[in-house]
2 protein chains.
Amino acid sequence: MKLGEFIASHGTPLTTQAGDHLFHQGDHDQSLYVVHEGLLKAYYLSPEGKEHIKSFILPGDSIGSLMASYAGKACTFSLVCLKPCRMTVVKFSDLYEASKSDTEISSAVVDFLLGFGMKKENREYELLCLSAEERYKRMLETAPAILDLVTQNEIARYLGVTPVGLSRIKKRVTG
Amino acid sequence: MKLGEFIASHGTPLTTQAGDHLFHQGDHDQSLYVVHEGLLKAYYLSPEGKEHIKSFILPGDSIGSLMASYAGKACTFSLVCLKPCRMTVVKFSDLYEASKSDTEISSAVVDFLLGFGMKKENREYELLCLSAEERYKRMLETAPAILDLVTQNEIARYLGVTPVGLSRIKKRVTG
DNA sequence: CATGTCTTTTAACCTGGGTTAATTACGCGC
DNA sequence: GCGCGTAATTAACCCAGGTTAAAAGACATG
């Protein structure tokens, strides 16, 4: 069975409003969210209340908490809609079980996970090797679309700087 | 077929000396290295010659360049042995193809990739949300073993600070 | 168009970590 | 034990980005 069919038949549709949370840090949400339309952000909240943005999720992307879904632990981050969204929710365990017997599904899951791994490695590279200014310039080149979708405030917290810091960087870069 | 059997039958053994490189940044190495014994480091070298350590690889771990193996691009990092190593080398494409038809293999690959994903997410969290000092303290708690295996110089470059910086942090933390 | 709310910019000051270089430990071979 | 190379510490200075607070835009609503 194709992965798309599996999701269509075993998933349930979900539409949300901007501001709706799908789960909070600490929850045990074991769903995979396949996004068809809208915009979400995944973020960490530190004990001191500082927000760090893990990623923005666009149509075509999928997201869920690996920690909760696979390791049975609490979600390490929160997931909130920045715009009204339309998606399909799949139980991680359903997909995981299906991948054990259906080679077509497991192939698609392997491809998904390999793509996921490359994204994470790329993010790791940026955070480990680049300065905030370099990360901003890189974002201008590789993902300019997102800049128009979210506030500068959120771009900053995604890049690992404060909004004040990003304002300074912008001024420096733009000249 | 079990993954272990596949690796044993389709892989080739390899032993190396400390200092040997398995591949360099820019190469197109499409191998997966399954480490039985020894110690390796994966690192990025910036155009200005600065080294950033992506990870240390211990017995039981596996490593390879996703970018080269799966995306067909150049390796984004280099891989070098810090101690003599004993490992098995598997062609990524062999394993990838096998996972398309053998459910036992694909299950193991899915599990491997899920574990890999969790590691990468954890590293992303540390680099995005924690200060260098917090990352050092966390390492003291969660991976004290590595501290004895490599130089402080390398710990620093793994944590994303300079050796001088780490020396200061140590002094601050240890009191 | 006045008002409140949110985002962005600017300014002043502070700090963690970078940089360079000198100094001190720690092996290790002879 | 002595010399030599590598690793770690220390010191002095610098700077990117954090912090706090105030000011300036930007919009929406009444």
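Residue numbers begin at 1 in each chain, while the letters A, B, ... track the order of the sequences.
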Checklist entry - Does OP1 or OP2 of dA7(D) have a side-chain N or O of Thr151(B) closer than 4.0 Å? => result no
The nucleotide from dG17(C), dT8(C), dT9(D) with an atom nearest the side chain of Gln152(A) is dT8(C)
May I ask you to verify if any side-chain N or O of Lys170(B) is less than 4.0 angstrom from the OP1 or OP2 atom of dT10(D)?
no
To the nearest angstrom, the NZ-P distance between Lys171(A) and dT7(C) comes to 21 Å
Closest of dG17(D), dT19(C), dT9(C) to the Lys50(B) side chain is dT19(C)
In whole angstroms, the gap separating P of dG18(C) from CD of Glu48(B) amounts to 15 Å
| request: Answer yes if Tyr136(B) and Val161(B) sit in the same cluster of Ile, Leu, Val, Met, Phe, Trp and Tyr residues linked by side chain heavy atoms under 4.5 Å apart, and no otherwise. | output: yes
**Request:** Return yes if some donor-acceptor pair links the side-chain N/O of Arg135(B) with the main-chain N/O of Leu159(B) below 3.5 Å, else return no.
**Result:** yes
Is it the case that atom NZ in Lys100(A) sees more than 12 heavy atoms from other parts of the structure closer than 6.0 Å? yes
Quick note, Ser167(A) side chain, CB onward, closest among dT10(C), dA21(C), dG17(D) is dT10(C)
Glu134(B) CD to dG16(C) P, in whole Å, measures 12 Å
From CG of Leu127(B) across to P of dG17(C) the rounded distance in Å is 13 Å
To the nearest 10 degrees, the angle between the two end axes of the helix from dC1(C)-dG30(D) to dC30(C)-dG1(D) (five pairs per end) comes to 30°
Checking dG17(C), dT8(C), dT10(C) against the side chain of Ala132(B) (C-beta onward), the nearest is dG17(C)
Leu166(B) atom CG is separated from dA7(D) atom C1', nearest whole Å, by 12 Å
Between CG of Leu128(B) and P of dG17(D) the distance, given in whole Å, is 15 Å
Does a side-chain N-to-carboxylate-O contact under 4.0 Å join Lys83(B) and Glu37(B)?
no
Of the candidates dG17(D), dT10(C), dG18(D), the side chain of Ile169(A) sits closest to dG17(D)
Under 3.5 Å, is there an N or O donor on one side and an acceptor on the other linking the side chain of Arg168(B) and the base of dG18(C)?
yes
Hydrophobic cluster membership, Tyr70(B) vs Val89(B), 4.5 Å side-chain cutoff: no
His52(A) NE2 to dG18(D) C1', in whole Å, measures 12 Å
Exercise for review: Establish, with yes or no, whether the OP1 or OP2 oxygen of dG18(C) is under 4.0 angstrom from a side-chain nitrogen or oxygen of Thr162(B).
Suggested key: yes
Query raised in the report: Just to confirm, is there a sub-4.0 Å distance from OP1 or OP2 of dG17(D) to any side-chain nitrogen or oxygen of Arg172(A)?
Result: yes
Report the C-alpha separation of Lys137(B) and Glu141(B) in whole Å, then their side-chain angles, then the decisive distance to 0.1 Å, and conclude whether the salt bridge (Lys or Arg N to Asp or Glu O under 4.0 Å) test is met. CA-CA 7 Å; Lys137(B) 285 198 229 160; Glu141(B) 288 165 17; over 6 Å; no
Separation of dG27(C) atom C1' from Asn153(B) atom CG, nearest Å, is 16 Å
| said: Within the 4.5 Å heavy-atom criterion, are Met1(A) and Thr103(A) side-chain neighbours or not? | reply: no
Exercise. Look at the side-chain heavy atoms of Ile, Leu, Val, Met, Phe, Trp and Tyr, link any pair under 4.5 Å apart, and say whether Ile105(B) and Val34(B) land in one connected group.
Key: yes
